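This report refers to the structure that appears directly beneath it.
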There are 2 protein chains.
Amino acid sequence: MIDPSGPGSAFLLAQLGAYAAGRFAERIAELELTPPQTGLLRAIAAEPGRSQQALARLLGTPPSRLVALVDGLDERGLVERRRNPDDRRLHALHLTEAGEALLGRIAEVGRAHDDAICGPLPDADRARLRALLARLAEAHGLTPGVHPGYRRL
Amino acid sequence: MIDPSGPGSAFLLAQLGAYAAGRFAERIAELELTPPQTGLLRAIAAEPGRSQQALARLLGTPPSRLVALVDGLDERGLVERRRNPDDRRLHALHLTEAGEALLGRIAEVGRAHDDAICGPLPDADRARLRALLARLAEAHGLTPGVHPGYRRL
DNA sequence: TATTGTTATACTCTATAACTATA
DNA sequence: TATAGTTATAGAGTATAACAATA
C-alpha cells in the first residue's frame, strides 16, 4: 500500500475510465455509432476476413450478440459478409469503402477525445501517464484494443 | 497529441477502468454486495442523515432507483430509514452497526483490490500514477468517491 | 401547489438455448 | 456428429411517469 488517505489508484482508474467511456460514447453518437459497434469496426479493420465466431471470441461476447451487431452495420453498408466457398458455413467480415471512410472519422474522434481527456496534463505528464497505463494493461493481460466494457450502449 | 502510435491514454483509461471495476465487482460479490450498493453504503457513511433525494442527486441516479437499492440494504439490516419529525416526508439514512461493520470489510476488500490492480508497478511509479489520476479526476470535476459507472450490476 | 418517497409500466439490453445449414 | 451462424425466448436492470403522503 502506498498512502491510505483518499481513494486508491484502482478506484480512480474505474472512475476516470467510466467517465472517459461515457464521453467517448457521446462523441461517436454523432456518427450514429455505439461503442460496441465502434469496437467491432476496429476489430474487423485490424484483421479483415475473420469469421463471426473468431470475432466473438476476441471481443468476449456471445456469437448471438455479434449477429445483431453485424446486422446493424451491414444494413448501413459499412461491413459485408463474404461467404467462404471452401466452407460455406463461414462468413468472412470485411469493411466496405463506406466503412473504411467511417473508420477514418472514428480515428479523428478518438484523437479529439484523447486530447479532451488528457488535455489537463502537460505533455510530459501525459506521456508518463500513458506509459504507466500501458504497463498495467500489459501486466494484466488485457487484449490490445479490446474494451472489456463494450457491453453497454 | 503525444504519440500517434498505439492506443491513447483515454482508451487505456477506459479499458483498465472497466477491468478494475469488473474485478472489484467480483471481490465484493463475496460480501453479497453489488457495486451500486457499495457506493451507496459509502455515501451514507460519508455523511449520515441525508435524504434519499439528496443521495440520488449525489450519485446521479433517479430517486426511484435509490428506493430499490435502499430496500435491499434495509431488509438486510445494513441501513435504516429514520423519519424526520419536523418534515415527515424525509427519510434520513443511517448505517446500522452491522452496516458499519460491513463497511470495514469493504475497506479491506478495497485495499486488496488496489494492491492487485497496481501491484505490477513499483511503489514509486504507483504513487506517480495516483497523482496523475487524481489530477485528471479533479480537472474533469469528478465527484470524489462517486463512480459514474455505478449504473451496472 | 410543490416536494419526498414509492410503485407501476414499458423498454433496452443481454445471455441461453433451440434451430438451420453446412461440414 | 460437430460447427457457424441465426433466431426465439426469457430475464435483469433501468428510466419514465403516475401516485400517495406530507408540507
Side-chain angles (χ1 to χ4, degrees), chain A residues 18 21-22 25-26 28-29 32-40 43-44 47-75 79-94 146-153, chain B residues 18 21-22 25-26 28-29 32-40 43-44 47 49-75 79-94 147-153:
Chain A
E26 287 174 12
I28 56 166
E32 289 178 288
L33 287 174
T34 64
Q37 288 176 322
T38 309
L40 177 56
I44 295 172
E47 188 181 320
R50 279 187 284 200
S51 71
Q52 296 185 188
Q53 293 277 347
L55 283 163
R57 278 190 296 273
L58 175 74
L59 299 175
T61 190
S64 63
R65 196 186 162 204
L66 216 103
V67 172
L69 229 46
V70 173
D71 280 348
L73 299 176
D74 190 1
E75 285 161 16
V79 307
E80 59 182 3
R81 294 166 159 113
R82 297 192 195 152
R83 281 249 182 242
N84 182 335
D86 294 342
D87 185 341
R88 294 179 42 76
R89 294 173 302 181
L90 294 167
H91 280 170
L93 296 183
H94 295 263
V146 175
H147 186 151
Y150 276 165
R151 331 256 146 158
R152 295 295 291 160
L153 266 181
Chain B
E26 287 175 13
I28 56 166
E32 291 177 287
L33 287 174
T34 63
Q37 289 177 321
T38 308
L40 177 55
I44 295 173
E47 188 181 321
R50 279 186 285 200
S51 71
Q52 294 185 190
Q53 292 278 346
L55 283 162
R57 279 190 296 271
L58 176 74
L59 300 174
T61 188
S64 63
R65 194 183 163 208
L66 216 102
V67 171
L69 228 47
V70 174
D71 280 348
L73 299 176
D74 191 1
E75 284 161 16
V79 307
E80 58 182 3
R81 294 166 158 113
R82 297 191 195 154
R83 279 250 183 241
N84 182 335
D86 293 343
D87 185 341
R88 292 179 45 74
R89 294 174 303 183
L90 294 167
H91 280 169
L93 296 183
H94 295 264
H147 185 150
Y150 276 166
R151 332 255 146 159
R152 293 295 294 157
L153 267 179

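First the proteins, then the strands, lettered A, B, ... as listed; each starts at 1. None of these values were measured; they are calculated from a predicted model.
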I'd like to check the side chain to side chain contact (heavy atoms under 4.5 Å, CB included) partners of Val67(B); sequence neighbours left out, ordered by chain and number. Gln52(B), Asp71(B), Arg81(B)
Could you run down nucleotides 16-23 of chain D 5' to 3' and tag each one B, S or - for protein heavy-atom contact under 4.0 Å? BB----BS
For Arg57(B), the side chain to side chain contact (heavy atoms under 4.5 Å, CB included) test, sequence neighbours excluded, returns Gln53(B), Ala54(B)
List in chain and number order the residues that pass side-chain hydrogen bond (donor to acceptor under 3.5 Å, both in side chains) with Asn84(A), two or more places apart in sequence or in another chain; answer none if no residue qualifies. none
Rounded to whole Å, CG of Leu55(A) lies from P of dA4(D) at a distance of 13 Å
Measure the distance from CD on Gln53(B) to P on dG5(C) and round it to the nearest whole Å. 5 Å
Give Gln52(B) one of three labels, base, sugar-phosphate or nothing, depending on what nucleic acid heavy atoms sit under 4.0 Å from its own. sugar-phosphate
Integer-rounded Å distance: dA12(D) P and Leu69(B) CG: 17 Å
Nearest to the side chain of Asp71(A) - dA15(D), dT4(C), dT7(D)? dT7(D)
Side-chain N or O of Arg50(B) closer than 4.0 Å to phosphate OP1/OP2 of dT4(C): no
Test of understanding: with side chain to side chain contact (heavy atoms under 4.5 Å, CB included), list the residues that count as partners of Glu47(A), not counting sequence neighbours. Arg50(A)
With Val70(A), which of Leu93(A), Ile44(A), Leu55(A) fulfils side-chain contact (heavy atoms from CB on, under 4.5 Å)? Leu93(A)
Atom pair distance, as rounded to whole Å: CG in Leu66(B) and P in dG5(C): 9 Å
Using side chain to side chain contact (heavy atoms under 4.5 Å, CB included) as the criterion, list what pairs up with Arg88(B), not counting sequence neighbours. Arg83(B)
